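The block underneath contains the structure these notes are about, expressed in structure tokens.
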Amino acid sequence: MPPTLASLVQHSALRLTVRAGADRLGTPVRWVHASELADPVPYMEGGELLLVTATNLDARDPGTMRRYVQRLAGAGVVGVGFGVGVTYDDIPAALVDAAEEAGLPLLEVPRRTPFLAISKAVSAAIAADQYRSVTAGFEAQRELTRAAVAGDGPTALLTRLAAHIDGWAALYDSSGAVLTAAPDWAARRAARLTPEVERLRDRPAPASAVVGDAEGDDRVELQTLGTGRRARGALAVGTGAALGTAERYAVNSAVALLTLTTARSRALQGAEQRLGAAVLRMLLAGQSDHARAVAGDLYGGLLDAPFRLLIAEAPVPAGTEPLAEALDAAAGRSGETLLMVPEGERLVVLAVDGGAVVAACAAYARAEEERPPRDSGAEEPDVVVGLSAPAGPIAVSAAYKQAEQALSVARRRGRVLVEHEELAAGSVLPLLADDAVRAFADGMLRPLQEHDAKGRGDLVASLRAWLSRHGQWDAAAADLGVHRHTLRYRMRRVEEILGRSLDDPDVRMELWLALKATAASSGTP
């Protein structure tokens with residue numbers, strides 16, 4: 001504890017007597033300052049015990065003393081020590097009354113007690129308090145280090161930290177989700193601060209912030225973890241008051257240890273990625289038995305159940321990093337095995353079918369599609385993802401092709417995520433939105449459209465009606481409201497203009513797809 005006015009009064013060698021403000025002696029004393037100025041306030045910082053003999057003051061004048069004391073109290077002075085036997089044999093009543101009125105403690109300093117003795121006593125007490133704080137901080141550091149290396153995970157470290165700061169602590173992953181908290185009841189309180197963590201995460205690391213808990217009296221400090229460009233997580237500590245020196249040591253030690261743990265985890269993840277890349281290459285080569293042997297306990301469980309293969313692509317390698325972090329966080333929370341391999345601009349992932357990682361990918365895609373574009377001129381999403389159908393170890397090559405096909409469709413449609421099941425269960429018509437298909441359709445139908453534009457007949461509409469009726473003359477003519485002979489004439493003109501026979505099924509198929517592609521691009525049914 002820092003020195004207080006009460007501890008100075010109880011110091012037998014100082015022989016101080018309380019003359020006013022006895023109910024406020026518990027205030028800490030930051031320093032001692034002696035001044036005979038009529039107005040020492042410009043030279044005060046707050047928290048001082050001011051020592052005076054009133055050499056330049058009319059201490060008997062009530063008005064002067066009232067103004068003097070009010071100025072001191074307003075500046076944060078915690079008390080006045082008045083040395084008697086120098087200018088005045090006793091503390092003037094005007095000063096005592098003014099101090100009582102302002103609630104400012106007033107101490108009588110006897111003639112035989114030099115001001116220097118009071119300064120030394122406060123200095124010694126402050127030094128002793130700092131030593132105790134540093135000692136407690138080092139002890140906290142040792143305990144936290146033992147917890148960090150014990151292999152029990154960050155929960156043990158947070159438990160020790162919460163005890164040292166007499167509050168609570170929580171650890172967040174890079175997405176802002178709560179990984180663990182101590183005590184257990186703090187998890188819900190920490191979850192309310194996720195938006196604050198997300199805002200802090202967007203600032204250059206390391207970053208920190210002090211926030212308040214809207215539903216409690218906590219003072220919460222947030223600090224990012226990691227030394228790189230992006231934060232790898234965050235630590236929150238909640239206390240009832242500002243952190244003291246010992247508590248600050250403990251928090252700084254926890255940040256350093258968690259940062260080291262994060263860096264160690266990143267190195268381990270790199271090794272796991274290299275092993276995962278080898279397993280993936282073996283699976284794609286059809287060597288499922290060898291892949292299972294190499295996977296061992298790390299990835300073997302993933303190969304024992306149906307999984308999905310996911311391919312994500314972005315213009316630059318870092319573009320897939322937020323998705324990778326989201327998937328990794330989902331795997332960490334659920335305990336699922338995740339095989340994730342960066343491949344240049346791509347990210348290849350094997351994840352449990354129906355698990356938390358696949359769900360996190362879908363949630364990420366929904367959030368990205370709902371997010372306003374960062375660039376008003378950008379039409380394509382930052383990341384596109386293709387997801388295969390459920391597969392097993394012997395079908396990874398087919399799953400990879402499925403994911404690539406879904407990825408290609410996602411890119412053409414401007415979608416963030418497309419699943420292969422959508423392609424298998426849906427219509428082929430959405431695939432006609434490709435630029436090359438539209439160019440083919442425009443080139444094939446342009447002669448007929450130019451003919452119709454000159455007012456020589458409605459060949460395009462007649463062709464569409466005839467094809468939609470599978471070449472049935474009467475039905476198609478009825479749809480158009482013309483005689484079947486008129487329709488026959490128009491179809492002969494189509495053959496003449498195009499130089500192709502409508503008896504050829506390939507020609508009919510190409511013309512029908514061209515009509516559908518043209519309709520899709522123009523928005524007509």
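Fair warning: this is a prediction, and the values are worked out from it, not measured in the lab.
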So, are D61 and R66 salt-bridged, with charged N and O less than 4.0 Å apart?
-> no
L222 versus L235: any side-chain heavy-atom pair under 4.5 Å?
-> no
Is the backbone N or O of T53 less than 3.5 Å from a side-chain atom of T87, with the two atoms forming a donor-acceptor pair by type?
-> yes
side-chain contact (heavy atoms from CB on, under 4.5 Å) evaluation trace for L275 with V294 = CA-CA 8 Å; L275 179 61; V294 172; 3.4 Å; yes
Is the side chain of S334 donor-acceptor paired with the backbone N or O of A330 at a distance under 3.5 Å, no angle test?
-> yes
Flag, side chain of S123 to backbone of S119, donor-acceptor distance under 3.5 Å = no
Should L107 and V9 count as side-chain neighbours, where that means a heavy-atom distance under 4.5 Å?
-> yes
By salt bridge (charged side-chain N to carboxylate O under 4.0 Å, His left out) - contacts of R199 (at least two apart) | E196
Please answer whether the main-chain N or O of P3 pairs with a side-chain N or O of S7 as donor and acceptor at a distance below 3.5 Å.
-> no
Under 4.0 Å between a Lys/Arg side-chain N and an Asp/Glu carboxylate O for D97 and R19?
-> no
Would you mind telling me which of L310, L280, D328, L350 makes a side chain to side chain contact (heavy atoms under 4.5 Å, CB included) with M340?
-> D328
Measure the shortest side-chain to side-chain distance between V52 and Y68 over non-hydrogen atoms and say whether it is less than 4.5 angstrom.
-> yes
4.5 Å side-chain heavy-atom contact, L16 and V109 | yes
Under 3.5 Å: donor-acceptor pair, side chain of Y172, backbone of A190 | yes
Whether E221 side chain and S208 backbone form a donor-acceptor pair below 3.5 Å = no
Before giving the answer on side-chain hydrogen bond (donor to acceptor under 3.5 Å, both in side chains), spell out for E313 and T320 the whole-Å C-alpha distance, their side-chain angles and the decisive distance to 0.1 Å.
-> CA-CA 7 Å; E313 188 175 80; T320 60; over 6 Å; no
Mind checking whether V352 and T337 have side chains closer than 4.5 Å, heavy atoms only?
-> no
Short side-chain to backbone donor-acceptor contact, R30 and G46, under 3.5 Å = yes
For Y88 and A59, indicate whether the former's side chain and the latter's backbone hold a donor-acceptor pair under 3.5 Å.
-> yes
Are any side-chain N or O atoms of S388 and backbone N or O atoms of R308, one a donor and one an acceptor, separated by less than 3.5 Å?
-> no
Side-chain donor/acceptor of N56 to backbone N/O of E36, under 3.5 Å | yes
Any side-chain heavy atom of R292 sitting closer than 4.5 Å to one from D304?
-> yes
